[in-house]
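To start, the structure itself, in structure tokens.
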Amino acid sequence: MLILAATPIGQVADASGRLADALLSADVVAAEDTRRLKRLAGDLGVEIGGRVVSYFEGNEERRTPELAAMLVEGQTIVLVTDAGMPSVSDPGYRLVVAAIEADVAVTAIPGPSAVLTALAVSGLPVDRFCFEGFLPRKGGERTRTLTELATERRTMVFFESPHRTEASLRAMAETWGADRPAAVCRELTKTYEEVARGGLGELVEWAAGQEQGVRGEVTIVVGGRVAEARAYAPEDLRELVAARQGDGLSRKDAIEQVAGETGLRKKDVYDAAHS
């Protein structure tokens with residue numbers, strides 16, 4: 001069995017009893033950083049019972065077949081990363097795929113998540129959201145990515161390094177507008193936890209005003225695009241649906257896309273299209 005085990009993102013006390021049990025009983029513990037794993041085990045008062053191997057971005061591709069072979073042999077592997085859930089913007093995805101292809105059971109020990117914690121405290125809508133990971137480092141690629149997300153209506157969550165936080169916020173404000181609501185969540189669950197909320201323009205000023213620069217682990221939450229209020233006549237909606245069908249969409253998909261673009265209910269667009 002492959003066990004993906006979430007580890008604390010700040011407070012060691014957030015670790016579950018199941019994590020401690022898994023570290024004690026696993027045949028193999030694959031860790032993003034073996035030194036941090038040993039510190040965590042020491043803080044938990046747990047002696048790791050099995051073999052410890054490193055599994056990080058630099059050796060993930062090479063080591064995945066080795067670990068998959070161990071799973072096929074019947075060994076239980078616990079995978080941990082430095083913080084949060086493995087495979088979520090961390091090593092793990094390749095091993096999960098390999099285990100599934102080998103018909104090996106995959107399960108998880110849930111626990112702390114920077115994505116969900118930031119969403120919960122952001123004050124932004126959480127009924128629908130998407131996780132976008134880290135933005136590209138290069139300015140041009142970052143701008144292209146943000147432009148593609150300009151019409152995203154779900155709340156968006158990003159990870160960012162502290163020294164790029166100001167530049168990313170500035171690029172977001174330039175692409176999406178300074179008034180777009182957002183929150184910068186820093187050092188979540190740790191002693192110096194801080195959540196700065198406001199429009200993207202305000203958050204650029206907040207980041208620029210940090211005397212020593214933004215510090216610590218950073219998660220940025222940004223509200224999705226709010227469709228502009230507009231009254232659509234039935235004939236307008238019929239034309240929009242017809243245009244989407246002309247682009248090759250089925251009538252059903254065309255109605256769904258127009259509903260998303262206009263912020264109207266699919267039923268209202270359907271009724272207009274068939275009136």
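Transitive grouping of hydrophobic side chains (ILVMFWY, heavy atoms separated by less than 4.5 Å) keeps Val157 and Leu135 in distinct clusters. Using a 4.5 Å cut-off between side-chain heavy atoms of Ile, Leu, Val, Met, Phe, Trp and Tyr, with links allowed through other members, Ile100 and Ile77 fall into the same hydrophobic cluster. Connection of Leu2 to Leu67 is established within a shared hydrophobic cluster, with ILVMFWY side chains joined at heavy-atom distances below 4.5 Å, either directly or through further cluster members.
For Glu202 (side chain) and Gly199 (main-chain N/O), a donor-acceptor pair under 3.5 Å exists by modelled atom type. In this structure, Thr117 contributes its side chain and Ala114 its backbone to no donor-acceptor pair below 3.5 Å. Between the side chain of Asp90 and the main chain of Ser87, no donor-acceptor pair closer than 3.5 Å is present. For Thr7 (side chain) and Thr81 (main-chain N/O), a donor-acceptor pair under 3.5 Å exists by modelled atom type. Judged by distance alone, the side chain of Arg186 and the main-chain N or O of Arg215 form a donor-acceptor pair under 3.5 Å. Distance alone, capped at 3.5 Å, is enough to place a donor-acceptor pair between the Arg63 side chain and the Ser54 backbone. Glu73 places no side-chain N or O within 3.5 Å of a backbone atom of Gln75 that could act as its donor or acceptor partner.
Taking both residues in full, the closest heavy atoms of Met85 and Pro110 are given as CE-CA, 4.0 Å, listed atom of the first, atom of the second, then distance.
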Requested in this report: Take Gln245 and Arg251 through the side-chain contact (heavy atoms from CB on, under 4.5 Å) test and state the conclusion after the steps.
Outcome: CA-CA 6 Å; Gln245 287 184 273; Arg251 192 169 185 81; 2.9 Å; yes

Query - Pair Thr219-Val115, side-chain contact (heavy atoms from CB on, under 4.5 Å): steps then yes or no - result: CA-CA 7 Å; Thr219 304; Val115 175; 5.8 Å; no

Requested in this report: Carefully, step by step, assess Val184 and Trp206 under the rule side-chain contact (heavy atoms from CB on, under 4.5 Å).
Outcome: CA-CA 10 Å; Val184 178; Trp206 168 84; 3.7 Å; yes

Report task. Might you work through the side-chain contact (heavy atoms from CB on, under 4.5 Å) test for Val214 and Glu166, ending with a clear yes or no? Result -> CA-CA 8 Å; Val214 179; Glu166 181 183 344; 5.6 Å; no

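Judged as a salt bridge (charged side-chain N to carboxylate O under 4.0 Å, His left out), and not counting sequence neighbours, Glu256 has no contacts. Glu187 is linked by a salt bridge (charged side-chain N to carboxylate O under 4.0 Å, His left out) to Lys190, counting only residues two or more places apart in sequence or in another chain.
Here Ile255 contributes atom CD1 and Lys267 contributes atom NZ; the two are 12.0 Å apart, rounded to the nearest 0.5 Å.
Sorted by first and then second residue, the side chain to side chain donor-acceptor pair (under 3.5 Å) pairs with a member in residues 22-49 form an empty list; sequence neighbours excluded.
Each of Thr189, Leu40, Leu44 was checked for a side-chain contact (heavy atoms from CB on, under 4.5 Å) with Pro8, and the lone residue meeting it is Leu40.
Crowding of Phe129 atom CZ: a count of heavy atoms from other residues, nucleotides or ligands under 6.0 Å not exceeding 12.
Ring-plane geometry between Phe158 and Trp176 is classed as tilted, the angle between the planes lying from 30 to 60 degrees on a 0 to 90 degree scale.
Counting only N and O atoms by type, the side chains of Thr165 and Glu160 include no donor and acceptor under 3.5 Å apart.
Here Arg265 pairs with Asp268 in a salt bridge; the nearest charged N to carboxylate O distance falls below 4.0 Å.
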